[in-house]
Amino acid sequence: MLRPHVLLFAGTESQGRAGLHSDLRALHGFPLQVSSVVTCITAQPIGSLPSALLASTALLEQQLDAALQLGPPAAIKVGLLGSEAAAQALIALRQHLGPALHCPMIIDPVMHSSAASPASGLSSLSRAVWWQLLSLADLVTPNLQEAAWLLQVDLAQVVQRPALAARALAERLQTHVLLKGGHGAGQLLTDTLIEGADQLSFSRPRVQVATRGTGCYLASAIAARLALGKTLRQACVDAGDQLHAALRQGQPPACLTGG
Ligand SMILES: Cc1ncc(CO)c(N)n1
């Protein structure tokens, strides 16, 4: 039997912590086929400015067409897009697949990374495009900063009332939201899932490590489970456990110089 197919939209990060490398680490070992549309190639040196080369519209389409030769995806996971062209390719794909195909789309709205923003140097997406894109998702996984930017509120407001912020996003987008607490403070790290009328919080001890790519890893670990038929709730819990275990084992690796 053909293994379910997970399609990634992702950028590369040459130290191998974030982006596509992190996605592949999270997906490793699952009985899946994994294809990818590489949206951009980035260098994100610690302590200096990042740089990036964007895939052209033609190359985005060619990668996508080839990826779809594996068959229709069982889940789509979206990380760094980097350009309006990549956002438009994704919107067109969603329309092309149609509502009949059960294919959850998980969007990690990468804007503020754990370190320098990879978005500098890339043509950043407007809030309007983000809203359009995110409303097509089945699950959106912002961190605290991304939620604050999307909602146009102070970060402190999201930090103090994360469940309220997550619900506001879910209601505006009419989708499920997993708000990640990783960029907060304190010994416990709490993620908040809004699934329709339900609200769930998952807390784990914080692993004190300066790294990148944890958001990519988590969203891919969720995508793997959704492609394999798990419920959203179970996928979020198990993916969080997988990330926690990986961090304790040093994956993604810590940044050795700076933050
Ligand atoms: C390429 C890439 N994707 C995602 C992130 C977010 O961690 C990053 N820093 N770089």
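The figures that follow rest on heavy atoms only: side chains count, while hydrogens, waters and symmetry mates do not. Atoms within a ligand are numbered from 1 in the order they appear, just like the ligands themselves. Throughout, residue positions are numbered sequentially from 1 according to the sequence presented. Everything quoted here is computed from the prediction, not taken from an experiment.
- The shortest non-hydrogen separation linking Thr190 to Ser201 is CG2-CB, 3.9 Å.
- Ile106 places none of its side-chain heavy atoms less than 4.5 Å from the side chain of Asp138.
- With sequence neighbours left out, the salt bridge (Lys or Arg N to Asp or Glu O under 4.0 Å) criterion links Asp198 to Arg233.
- Cys216 counts as a contact of ligand 1, since one of its heavy atoms falls under 4.0 Å from the ligand.
- Within ligand 1, the atoms closer than 4.0 Å to a non-hydrogen atom of Ala18 are 5 (C), 7 (O), 8 (C), 9 (N), 10 (N), numbered from 1 in the order shown.
- Close approach of ligand 1 to Leu80 is summarised as follows: ligand atoms under 4.0 Å from at least one heavy atom of the residue are 1 (C), 2 (C), 3 (N).
- For the ligand labelled ligand 1, residue Gln44 lies inside the 4.0 Å heavy-atom shell.
- Contact annotation: for Leu20 versus ligand 1, there are no heavy atoms closer than 4.0 Å.
- Set against the non-hydrogen atoms of Val110, the atoms of ligand 1 under 4.0 Å away are 4 (C), 5 (C), 6 (C).
- Within a 6.0 Å sphere centred on CZ of Arg248, heavy atoms belonging to other residues, nucleotides or ligands number 12 at most.
- Nearest heavy-atom pair across Ala74 and Pro104 is O-CD, 3.2 Å.
- Taking Glu171 as the reference, Arg167 meet the salt bridge (Lys or Arg N to Asp or Glu O under 4.0 Å) condition, with sequence neighbours excluded.
- Close approach of ligand 1 to Gly11 is summarised as follows: ligand atoms under 4.0 Å from at least one heavy atom of the residue are 1 (C).
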